[in-house]
Amino acid sequence: MNALARSLNVLRGDGQAGRVVPPTGHTAWLTQFTAGAMAFLAVFALALSLATDRLAELWSSELARSATVRVSAPAGQEEAQVRAAVRVLEQTPGIAAVRVLDAAEERALLEPWFGPDLPVEALPIPRMIDVVEGSDGYDAEGLRLRLAAEAPGAVLDDHTRWRQPLVKAAGRLRTLGVVSILLIGTATAAMITLAANAALAANAQVIRVLRLVGARDVYIARAFVRRFTLRALSGALAGTLLGMGAIALLPGASTEGGFLTGLGFQGAHWLIPLVIPLLAAIVAFWATRMAALRSLRGLM
Amino acid sequence: MIELDDVSYSYGGGELLSGISLTLPPGSFFFLTGPSGAGKTTFLKLCYGELLPTAGRITAFGQDMRGRGRDDIARLRQRIGVVHQDCKFLDHLPVAENVALPLTVAGRDAASETANLSELLGWVGLSGHADALPPELSGGERQRAAVARAVIMAPEIVIADEPTGNVDWDMSLRLLTLLVELNRMGKTILIATHDLNLIRAAKQQVQARVLRISNRNLQQAGADL
């Protein structure tokens, strides 16, 4: 708390401490620009992390609780096999609901691929049974064996087969997003350290004079720290807002678009990127302070 | 106020000063003389803590220089006014702000001391130049501004390194008068100079002692100077 109060005190702006260091033309703009660019990238890395997080969650919860039984049998036997399969499913412990998809629903599922007005009845497509799992789960292997015996044309697809790699990929993507944010943060710190060192070197004469007339190290450091912290804060704020704007303009999440349109923030998550400018300011504060105090130690 | 006890200072290879002992009592007026490169500036830097002795002990205001932290050194410099050889100003700030710089960096409100500041600028004859930038001043004006900056914190000691180095004889006498006035106000004055005429002029106004650096040692110069 004390350290926080001290840090804020530094920013509160001793105009005089700022004035003793001569203004620097274009380098100020460069620091702001870089902080802004980094913040812009950080917004996207954050959006990627949050979106993949949501997807992984979705895939592992919703899909895990549903399964499909596909019945393909020669015409004539089909109806009997569907009934047999439903009977088996209803008797299986751990299954909460069983529902046979009607022709209209199957047509809706196929519509994105074959267009409307598909004569589903005329095609040898399998019948689908939607299965919702109960909270305790069921014995998939046992169910497969029983289905094979009662309805040979029925195949259980419990989604795990294709769900697992997707969840894994989403997890990897999220890790990549987090690593990117960390890299952006350290790159910002490195960039600001370099800029601060350049400013300190350019103002070596000013620093020597200040030290000779009795300025303490923190006073001299403050003039630089304040400047770079405010530059990083304003640059990162602009970059963050632009990044958030760009994300807001992306097409909205939709089932047709799938994964790609899910990239964005939802609800309260829109507040998270606002932390980026603050983090940038904190990074700039410490990077400049450390650079300034380090260079001052070489001077009596 | 400042005591040197068997102080030596060596740069990388050779020894520049060795075995120097001296006490600067309050209210005294000292000249430091000697050939160029004899170590006058080094001696002064030892006195205000820009350099630490390689051997021996320097005490300022009763505290050992070596034991001082960096903030302690900063506070020491607020009590010792220094007129540097090349003045050392912040060229982007006007003269008035440069003169008030010790107040500013000490965290004192320079705005509340504007009356003092303008009085001080009047004393050194720079009232008309308060808003000028240091590069716009002549050599003598810069030296007088440096004197004003050295005394704005009301220090107990004023150290001047060749204050008349770049100015003509009239201006030298004017600067000397300023320093003599400070001494009459009770300040300890230590001036490094190679200008013997200046020392002679001073001796007519004040009880000045002359120290001479030669052969790495400090000697009290004779009264015959």
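A, B, ... follow the sequence lines: proteins, then strands. Residue 1 opens every chain. Just so you know, these numbers come straight off a predicted model, no measurement behind them.
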Are A:Phe228 and A:Phe224 near enough that their ring centres are under 6.0 Å apart? no
At a heavy-atom distance under 4.5 Å, which candidate from A:Leu210, A:Val209, A:Val206 has the highest pair count against chain B? A:Val209
Under 3.5 Å, is there a donor-acceptor pair linking the side chains of B:Thr42 and B:Tyr11? yes
B:Phe89 versus chain A, the contacting section by heavy-atom distance below 4.5 Å: backbone
Scored by heavy-atom pairs under 4.5 Å with chain A, the best of B:Arg75, B:Met153, B:His84 is B:His84
The interface call for B:Arg149 against chain A, heavy-atom contacts under 4.5 Å, is side chain
Highest number of heavy-atom pairs under 4.5 Å with chain B: which of A:Arg216, A:Arg208, A:Arg297, A:Gln205? A:Arg216
Regarding B:Asp6 and B:Ser21, do their side chains bring together a donor and an acceptor under 3.5 Å, going by distance alone? no
Test B:His194 against B:Phe31 for ring-ring contact (aromatic ring centres under 6.0 Å, His included), laying out the working first. CA-CA 9 Å; B:His194 60 267; B:Phe31 277 106; over 10 Å; no
Turns out that what part of B:Leu52 lies under 4.5 Å from chain A's heavy atoms comes down to side chain
Max heavy-atom pairs within cutoff under 4.5 Å with chain B, candidates A:Leu212, A:Ile220, A:Leu299, A:Asp217, goes to A:Leu212
Could you check which of B:Lys45, B:Arg70, B:Glu50 has the highest count of heavy-atom pairs closer than 4.5 Å to chain A? B:Arg70
Donor-acceptor pair between A:Ser234 and A:Gln32 side chains, under 3.5 angstrom: yes
Atom CZ of residue position B:Phe30 - does it have more than 12 heavy atoms of other residues, nucleotides or ligands inside 6.0 Å? yes
